[in-house]
Each structure stands twice: as structure tokens, then as C-alpha cells.
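Report on the following structure.
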Amino acid sequence: MPAPRVSFITLGVADLARSRAFYEAWGWRPAQAQEGIVFFQANGVVIGLFGREDLAADQGRPGAALGTGAMTLAQNYPTEAEVDAVVDQALAAGATLLKRPEKVFWGGYSGYVADPDGHVWEVAMNPFSPVGLDGTVAFGG
């Protein structure tokens, strides 16, 4: 049986041009783009931006109202200073601050921002999961 993995995460967006501009301003660089969709390479995972209506239709649910905010995407960094810098960069790009980074009960440091479509990103430093030079997280390691 193949190992569990996540290869692509596709975010349904209201305005593809606006969302692409936000992620580019946040420091992401498109790996591939075509009519109606853009892909960003993110440390072994691809993040796609796709119109909400088109995404619902592609899922076999035309007309479905796709929501946001019921899950969190996360970026982990080795230091609190890097967490602060990434959150500040997101805010400068147009993100909404949900929670300023702070020390948290589980021993780490994290904060939350939302992209222009309400997709929630946690930006964190977890002392129990070291981050390699390539950004890979070694959970528990």
C-alpha cells in the first residue's frame, strides 16, 4: 500500500487574480499557471488557487457553496523572529490578522492570519518538531 501523503492542496477563491497577487506579495512564486488556476510549489506540496464555482463543479458538486475557515494550513519556522517576520509579510500583502503570534500553552509560539478569501494560515515555531534547512518538519523528531 502506498504511504500516506498530501500532494496538492487546492483553495477555492472568489477572485483568482486578487488571490494570486496576494500570495505573490506574501513571497510565493507561481510554479505553473493556466487559464483559471495557478499553482505554487511549497516544500513538496503544491498549493493551487482555483475559482470557487469551478472547484465545486470539478468536485462534481456544481452550485455548492464552498466555505472557508474550517481548517488551518500551517507554516512552521525555527525561530519566533521568523514567525513574526512571516506574519508581518502576510499582513503587508493584505492578510487579515486573526491572532498576533504569542507563546502558546503547548510550548511553542504561533499566530494566525487569513488570506483575502478567509483561508486560515497558522504561522508557528514548534520546539518539539525541528524545521530543517529545506523547511521540512520532523514531527516529534
Side-chain angles (χ1 to χ4, degrees), residues 1-104 106-141:
M1 172 177 271
R5 68 184 58 125
V6 174
S7 303
F8 283 76
I9 297 171
T10 303
L11 304 177
V13 299
D15 180 328
L16 184 60
R18 177 193 68 186
S19 293
R20 179 179 180 165
F22 165 77
Y23 281 95
E24 288 182 10
W26 196 10
W28 295 58
R29 296 295 163 249
Q32 184 181 31
Q34 57 197 54
E35 183 67 32
I37 194 162
V38 62
F39 298 104
F40 297 91
Q41 188 71 51
N43 188 254
V45 174
V46 175
I47 304 291
L49 304 177
F50 197 28
R52 280 189 188 144
E53 291 176 7
D54 293 334
L55 181 58
D58 193 53
Q59 294 171 348
R61 305 185 301 152
L66 302 182
T68 59
M71 64 171 249
T72 300
L73 300 161
Q75 298 180 40
N76 283 41
Y77 293 91
T79 69
E80 292 178 11
E82 288 172 281
V83 169
D84 289 338
V86 171
V87 167
D88 289 344
Q89 185 180 15
L91 296 175
T96 300
L97 181 65
L98 301 177
K99 181 181 134 188
R100 172 79 40 207
E102 62 183 34
K103 292 188 184 299
V104 290
W106 47 265
Y109 182 79
S110 76
Y112 290 86
V113 296
D115 77 5
D117 287 284
H119 299 292
V120 177
W121 286 90
E122 178 184 25
V123 183
M125 183 283 299
N126 183 338
F128 310 108
S129 300
V131 178
L133 294 176
D134 66 353
T136 302
V137 174
F139 188 73

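Numbers here simply count residues along the sequence, with the first being 1.
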Result block: side-chain N/O donor-acceptor pairs under 3.5 angstrom for residues 107-115, not counting sequence neighbours:
{"unit_1": "Tyr109", "atom_1": "OH", "unit_2": "Asp84", "atom_2": "OD1", "d": "2.6"}
{"unit_1": "Tyr109", "atom_1": "OH", "unit_2": "Asp84", "atom_2": "OD2", "d": "3.2"}
{"unit_1": "Ser110", "atom_1": "OG", "unit_2": "Glu122", "atom_2": "OE2", "d": "3.2"}
{"unit_1": "Asp115", "atom_1": "OD1", "unit_2": "Asp117", "atom_2": "N", "d": "2.8"}
{"unit_1": "Asp115", "atom_1": "OD1", "unit_2": "Gly118", "atom_2": "N", "d": "3.0"}
{"unit_1": "Asp115", "atom_1": "OD1", "unit_2": "His119", "atom_2": "N", "d": "2.9"}
{"unit_1": "Asp115", "atom_1": "OD2", "unit_2": "Tyr23", "atom_2": "OH", "d": "2.6"}

Tell me if a side-chain donor or acceptor on Trp26 pairs with a main-chain N or O of Val86 at a distance below 3.5 Å.
yes

Nearest 0.5 Å please: distance from the CD1 atom of Ile47 over to the CG atom of Leu49.
8.5 Å

Quick check: do Glu102 and Arg100 have side-chain heavy atoms less than 4.5 Å from each other?
no

Minimum heavy-atom distance Val38-Pro30, with the two atoms named
CG2-CB, 3.9 Å

If we ignore hydrogens and angles and just use 3.5 Å, is the side chain of Arg29 paired with the main-chain N or O of Phe40 as donor and acceptor?
no

Rounded to the nearest 0.5 Å, how far does CH2 of Trp106 lie from CZ of Phe128?
8.0 Å

Could you give the distance from CD (Glu35) to CG (Asp54), rounded to the nearest 0.5 Å?
9.5 Å

Have a look at Val123 and tell me which of Asp88, Leu73, Val87 forms a side chain to side chain contact (heavy atoms under 4.5 Å, CB included) with it.
Val87

Would you give the length of the straight line joining atom CG of Leu11 to atom CZ of Phe50, rounded to the nearest 0.5 angstrom?
12.5 Å

When rounded to the nearest 0.5 Å, the distance separating CG of Leu55 from CZ of Arg61 is 8.0 Å

Does a sphere of radius 6.0 Å around CD in Glu80 hold more than 12 heavy atoms from other residues, nucleotides or ligands, not counting ones at 6.0 Å or beyond?
yes

